[in-house]
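First the structure, in the form of structure tokens, and then the observations on it.
In what follows, every chain begins at residue 1, and chains take the letters A, B, ... in the order their sequences are listed.
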Amino acid sequence: MDIRVQAEPFDLGAETNAFAARQSGMGAVVTFTGIVRDLDNDVLDVMEIEHYPGMTEKALEKIASQAHERWDIGDILIIHRHGSLRPDDLIMMVATSSRHRADAFQAAEFLMDFLKSRAPFWKKEKTNVSTDWVAAKSKDEDALKRW
Amino acid sequence: MDIRVQAEPFDLGAETNAFAARQSGMGAVVTFTGIVRDLDNDVLDVMEIEHYPGMTEKALEKIASQAHERWDIGDILIIHRHGSLRPDDLIMMVATSSRHRADAFQAAEFLMDFLKSRAPFWKKEKTNVSTDWVAAKSKDEDALKRW
Amino acid sequence: MDVLYFAWVRERIGAPKERVETNAATVMDLVNELRTREERYAAAFADLSALRVAVDQELSDFDAPLKDVREVAFFPPMTGG
Amino acid sequence: MDVLYFAWVRERIGAPKERVETNAATVMDLVNELRTREERYAAAFADLSALRVAVDQELSDFDAPLKDVREVAFFPPMTGG
């Protein structure tokens with residue numbers, strides 16, 4: 001299990017290659033990457049990500065441990081940035097490995113659903129017209145119910 | 001849509017970075033990678049992957065088009081190798097992008113389920129004791145029923 | 001006890017963290033105590049359904065006891081990923 | 001018409017591809033015609049439930065018509081990914 005909360009950018013490709021290379025006996029690797037995307041109407045200048053140092057790492061470790069208990073997976077990587085990001089910057093990634101593909105897919109979706117609503121991160125969007133905290137979506141809360 | 005069937009190895013990290021970088025307005029990228037893994041009992045020497053040139057590309061394009069119709073996704077990449085592979089070699093990858101994560105996840109799982117049982121690839125395993133064609137699994141056929 | 005605030009709660013309170021001397025038995029008691037202090041607390045805690053609480057860095061409930069607790073944090077629903 | 005064989009079907013037939021002159025109306029007719037030719041065909045086509053067929057590079061059925069078809073392929077269930 002490799003969990004990193006950092007201000008620095010990360011290299012998605014290098015992390016994915018390194019993750020895949022260190023798996024043994026795993027036939028499947030799934031990655032998810034979250035990217036800062038432009039807004040539908042206004043122009044996004046900066047996305048600020050605030051987090052709760054100390055609790056963040058604990059929350060991510062707990063979510064990853066739960067994934068390990070529920071699925072037959074080999075390994076989990078989670079990297080999440082905080083601080084100031086711009087459009088097209090990578091926000092975070094998760095990677096999972098498993099012998100059979102269903103486990104890696106399910107575990108990655110589970111990690112994302114819980115990371116989204118249960119890890120202490122908050123996003124603030126500064127656009128050409130306003131600065132607002134991103135509101136949690138009810139569908140993200142609903143997504144937890146399937147697990 | 002970018003579909004490649006090739007004997008040459010591919011660089012998962014470089015492909016993943018290039019795929020993520022060429023997305024516009026997409027907040028989510030999902031990748032799946034299939035890796036040659038050692039067998040439970042015998043020692044795998046070589047995995048030979050045979051395919052049906054001409055039909056393979058058509059079948060993959062059809063599966064990718066269906067994914068585009070069913071989910072709100074930005075782009076799809078599929079790379080699948082044929083020829084002689086060894087343990088830990090990467091067999092194939094798919095990548096999907098979408099505005100919201102659920103679409104990229106669903107489309108990637110759909111692509112994998114159909115690619116597994118509907119694209120003309122066949123695997124043969126040469127071990128220390130025998131050489132056998134890999135049998136299709138009934139659970140792979142069952143996996144298609146959910147879509 | 002350390003009380004921490006994040007995101008817009010931090011902005012309304014005007015500080016990320018403060019030391020609070022209290023005999024509050026539960027998180028809810030603490031919230032009610034803070035509400036009476038100053039208008040900015042009353043504003044921040046106006047709608048508890050819009051708030052989440054962590055007790056010693058674990059997500060918790062407003063009726064959680066505060067005995068032996070070192071750190072309580074208030075923040076809006078999380079938006080990671 | 002070109003008839004192609006893949007995986008263990010190719011190995012049993014002993015060739016990846018051959019030209020077949022036939023008046024078979026359907027894939028099933030073609031299979032029955034090939035079965036009578038030589039033992040290796042009878043062996044390859046012994047259990048059709050273990051075979052799949054593509055007609056002009058599209059997955060198809062054994063009752064598919066062969067009118068104007070240029071290429072038929074026989075192979076076991078696919079195992080990609």
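For the pair E50(A) and Y5(C), the tightest heavy-atom approach, listed with the atom from each and the gap, is OE2-O, 4.4 Å. In terms of heavy atoms, V134(A) sits closest to T79(C) at O-CG2, 3.5 Å.
Atom CZ of R146(A) has more than 12 neighbouring heavy atoms from other residues, nucleotides or ligands inside a 6.0 Å radius. The environment of N23(C) atom CG is sparse: at most 12 non-hydrogen atoms of other residues, nucleotides or ligands sit within 6.0 angstrom. When the shell of 6.0 Å around NZ of K124(A) is examined, it contains more than 12 heavy atoms from other residues, nucleotides or ligands.
Ranked by heavy-atom pairs under 4.5 Å with chain C, the first of K58(A), M92(A), K123(A) is K123(A). Most heavy-atom pairs under 4.5 Å with chain A, from the set R52(C), E11(C), E58(C), M78(C): that is M78(C).
When heavy atoms are compared at a cutoff of 4.5 Å, R81(A) does not approach chain C at all. Within the 4.5 angstrom heavy-atom criterion, no atom of K137(A) approaches chain C. Looking at I91(A), the atoms closer than 4.5 Å to chain C (heavy atoms on both sides) all sit in the side chain, from C-beta outward. Only the backbone of H51(A) comes within contact range of chain C, with heavy atoms under 4.5 Å apart. The part of A119(A) that comes within reach of chain C is its backbone (N, CA, C, O), which places non-hydrogen atoms under 4.5 angstrom from that chain.
Among residues two or more places apart in sequence or in another chain, the salt bridge (Lys or Arg N to Asp or Glu O under 4.0 Å) test is passed with K116(A) by none. For F110(A), the ring-ring contact (aromatic ring centres under 6.0 Å, His included) criterion is met by W71(A), F114(A), W147(A), not counting sequence neighbours.
Taking the six-membered ring for Trp and thresholds of 30 and 60 degrees, F6(C) and W122(A) have nearly parallel ring planes, at less than 30 degrees apart.
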